[in-house]
Amino acid sequence: MKLRDSLIRGGDTGAMRQRVPCWLPALYLLGCNDEDDAVLGTDGPEWCRAGTGELVLNELVGKDNAIELWNRGGAAIDVSGYTLASTVGTTVGSTTLPDGSIVPPGGPLAVRDLATGLKLFASSTLTLSDTAGSAMDCTSFSTVDVWTSWCRVPDGTGPWVRCSSTLGLLNQPGPVGSDGTDGTEAGDGTDGPDGLDGTDGTDATDGNDVTDGLDGTDGLDGVVPNAELVLNEFDGPNETIELTNRGSAEQPLAGFRLESEDTESAFVFTSGAVAPGAFVILDLKTTTLDVADEDRIVLKRPDGIVADDVTLCDGISNPSFGRFPDGWGPLYALPSATPGAPNASPSVNGLVALPDVVITGKPGDGPGEYDAVGLDEVPGPGKVLITTDERVWVTDPANARVHVYEATGAYVTTLTGFGEPIAFGMGFKDEAFIVDAASNEILVYDSPTLALLRTIVLDDIGRPTGLAIEPDGTMYVVDQSIGVLFHLDADGKLLRRLDPELVAANYLYDPMDIVVDRDRDQLFVVSADGGKVYVFGLTSGLLRKDVYVGHKPEGTPDADGSFELRCGGAAAFLGPRILFLVDWDYGRVMLHDLVVGEDLFNPAKKYGFFASIGRPGDGCGELDGPWAIAACEEADLIAVSDPYNFRVQLFKVSKLLELIEKFE
């Protein structure tokens with residue numbers, strides 16, 4: 001099934017934007033532009049081409065769940081009762097604008113906190129209609145288009161381009177490659193026959209399809225390739241680098257230079273040429289170029305301008321990783337090395353994506369080190385948290401402490417004084433909550449300053465192992481000692497026990513993590529060893545389902561979304577669309593689509609499963625006993641604990657979803 005997505009929940013409220021906590025991260029838009037945009041700025045079906053009236057759509061900001069309208073006329077327009085509807089094939093979702101919605105003359109109205117009935121999926125068209133149902137304007141867009149901002153420049157009349165987010169202000173185009181054409185200009189049609197002519201918007205490499213390497217989303221550290229000759233494959237065991245010519249004419253090699261930033265070594269081509277679509281293999285063993293793990297490799301043109309670059313993540317320990325399709329696609333770990341031949345396409349089940357950052361550690365008790373054997377014989381990093389100030393917090397269970405890193409991987413500090421730090425929670429005021437199971441306490445830190453703010457004593461809890469924070473400061477806490485889920489106030493006092501009809505204790509088997517899905521009025525509790533997810537009604541407090549992901553007795557993993565034994569004791573909710581579950585036994589992170597509703601409980605429908613990332617191993621993007629996962633909308637990141645490799649791997653979620661969508 002195709003991956004479904006929508007605008008994120010949360011967003012702006014009045015003039016003050018409420019920050020979405022990092023355990024309730026973003027919802028990402030996936031899609032592709034319409035197939036008939038011959039004139040830039042006239043995206044959408046013929047019946048609502050460019051919006052010919054005074055009222056038009058002006059800006060869409062996916063990450064803030066907001067849409068801006070623009071009044072091109074000289075009088076205010078009352079849009080109360082107007083509808084915004086998204087269309088994907090025959091699927092339609094909509095929301096109605098509230099009473100009192102007025103668009104001022106010659107200016108914008110920003111519509112925030114869109115209702116969840118508005119469903120924007122892949123290949124989406126958004127339509128604005130009046131109270132009589134007449135279409136006023138529409139636009140079609142992709143994930144990459146709308147995530148930061150998709151807007152008209154100039155406001156109200158200009159073509160649709162990728163922008164900087166400017167709700168309520170004059171629209172500003174985004175960086176090079178954001179104009180939806182060729183990454184260099186707004187559609188002059190003069191730059192060659194390679195699909196980058198900025199006119200038809202329909203080919204496979206026009207800047208709209210998230211795989212052309214010209215939009216800053218191709219996994220190459222945000223550096224836009226500036227040449228037809230690009231890096232294409234890295235074969236670690238054979239120590240080779242493959243380049244390919246993605247252009248339509250022969251590419252001379254003389255003067256192109258490869259540099260290794262870590263080793264400060266280089267190699268310069270002095271002769272040769274590459275035919276269109278052909279490959280050139282560089283054997284590192286015969287050159288002066290010295291490539292190391294986690295090294296940044298830069299390809300420069302003869303004029304010294306960076307043509308392409310990539311950062312290796314323990315890359316030489318992988319069989320190979322490269323682009324698909326060759327020359328244009330994002331980087332991922334290949335099923336096998338293919339030097340001199342086209343790269344192979346992977347399956348979305350077990351897709352090995354390259355992490356953006358790897359936080360590396362080693363056994364020990366020093367800064368950033370982890371005890372070799374932790375609690376329950378789990379070594380290395382334990383639970384993880386990404387805070388709103390883009391720091392990564394990681395428990396070191398056996399050393400009873402917490403390490404703090406920047407999202408870049410830089411070590412910040414180590415917090416001590418815990419008995420057994422076992423879980424995290426992220427509050428709505430930049431507060432990080434650490435659950436100490438040994439002392440039955442929750443320690444609350446200010447995440448920017450790392451100052452301890454207060455301590456919450458859990459008098460009525462035997463062994464707290466999971467935590468979720470509500471916007472009002474109340475908390476859901478699971479008690480592993482008796483297998484019960486409680487709702488507590490901000491001071492840790494009991495408000496209610498969820499599912500009071502289940503009188504017997506221990507109805508939750510080895511509960512660890514809690515994930516709240518407010519949009520569907522439900523809450524998930526993850527079992528560490530039972531391969532189960534328990535689903536509660538958030539309002540009712542009653543248990544809806546006690547087996548969400550099937551428990552497989554034995555066998556190899558397949559595309560059924562179930563576990564052989566252990567869920568890994570972790571889950572993260574990305575959304576309100578995606579539930580991430582960590583599969584300890586098979587070194588992967590499984591993605592389940594919450595849109596499919598009852599399919600989440602149906603083994604015949606694979607529990608809403610649509611993809612997984614990772615495989616067992618110690619290479620880039622591989623996992624050994626993954627034990628925890630965290631997600632953060634504001635940082636566009638998930639962090640996966642990789643304990644037996646003594647590291648935490650961070651992935652840009654937008655890149656993952658683009659990659660998954662590509663191979664579905």
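Each residue takes its place number in the sequence, starting with 1.
In plain terms, the two heavy atoms of A437 and P464 that are nearest each other are CB-O, 3.6 Å. Closest non-hydrogen pair, I456 versus V444, comes out as CD1-CG2, 4.0 Å. Heavy atoms only, all atoms of each residue included: P397 and G380 are closest at CD-O, 3.7 Å. The shortest heavy-atom contact between L385 and A432 is CD2-CB, 4.0 Å. When all heavy atoms are compared, the tightest approach of R401 to E369 is NH2-O, 2.8 Å. Taking both residues in full, the closest heavy atoms of R323 and N343 are given as O-ND2, 2.7 Å, listed atom of the first, atom of the second, then distance.
Below 30°, between 30° and 60°, or above 60°: for Y476 and H487 the angle between ring planes is below 30°, a parallel geometry.
A side-chain donor-acceptor contact under 3.5 Å links S641 to the backbone of G382. With hydrogens and angles ignored, the 3.5 Å screen pairs no side-chain donor or acceptor of Y445 with any backbone N or O of P448. A donor-acceptor pair under 3.5 Å is formed between the side chain of D583 and the backbone N or O of D585. Remark: the backbone N or O of A490 is not paired with any side-chain donor or acceptor of T474 at under 3.5 angstrom. No donor-acceptor distance shorter than 3.5 angstrom exists from the side chain of D446 to the backbone of A451, with no hydrogens or angles considered. Side chain of Q649 to main chain of I359: no donor-acceptor pair is present (N/O by atom type, distance under 3.5 Å, no hydrogens or angles). Judged by distance alone, with hydrogens and angles left aside, the side-chain atoms of D396 form no donor-acceptor pair with the main-chain N or O of G368 at under 3.5 Å. The closest donor-acceptor contact from the side chain of T465 to the backbone of P511 lies under 3.5 Å. Counting only distance, with no hydrogens or angles, the side chain of E622 and the backbone of D618 share a donor-acceptor pair below 3.5 Å.
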Can you list the steps and then say if R463 with D479 is a salt bridge (Lys or Arg N to Asp or Glu O under 4.0 Å)? CA-CA 5 Å; R463 179 176 168 78; D479 188 339; over 6 Å; no
What do the steps show when you test K655 against D636 for salt bridge (Lys or Arg N to Asp or Glu O under 4.0 Å), and what is the final call? CA-CA 9 Å; K655 289 182 184 178; D636 185 29; over 6 Å; no
Dump the intermediate steps for side chain to side chain donor-acceptor pair (under 3.5 Å) on E233 and S320, then the final yes or no. CA-CA 7 Å; E233 182 180 351; S320 180; 2.6 Å; yes
Derivation and outcome, side chain to side chain donor-acceptor pair (under 3.5 Å), residues D430 and S447: CA-CA 6 Å; D430 286 336; S447 62; 4.6 Å; no
Would you check, one step at a time, whether the test ring-ring contact (aromatic ring centres under 6.0 Å, His included) holds for Y607 with H592? CA-CA 7 Å; Y607 310 99; H592 299 259; 7.3 Å; no
Let's go through R454 and E441 carefully: what are the C-alpha distance in whole Å and the side-chain angles of both, what is the deciding distance for salt bridge (Lys or Arg N to Asp or Glu O under 4.0 Å) to 0.1 Å, and is it a yes or a no? CA-CA 10 Å; R454 63 187 182 278; E441 294 177 335; over 6 Å; no
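Within the 4.5 Å cutoff, side-chain heavy atoms of L523 are placed close to those of L485. Contact annotation: the side chain of V457 never approaches that of N440 to less than 4.5 Å [non-hydrogen atoms, C-beta and beyond]. Inter-residue side-chain proximity for T395 and F424 is flagged as met; some heavy-atom pair is nearer than 4.5 Å. For the pair R588/P626, no side-chain contact is recorded, criterion being any heavy-atom separation below 4.5 Å from C-beta on. At least one side-chain heavy atom of D642 sits less than 4.5 Å from a side-chain heavy atom of D624. Under the 4.5 Å side-chain criterion, counting only non-hydrogen atoms from C-beta, Y507 is in contact with D499. Side-chain contact between R391 and Y405: absent, with no pair of heavy atoms (C-beta onward) separated by less than 4.5 Å. V525 has its side chain out of reach of V533: every pair of non-hydrogen atoms, C-beta onward, lies at least 4.5 Å apart.
Two rings, from Y370 and H403, have their centers less than 6.0 Å apart. Taking the six-membered ring for Trp and the full ring otherwise, the centers of F321 and F234 sit less than 6.0 Å from each other.
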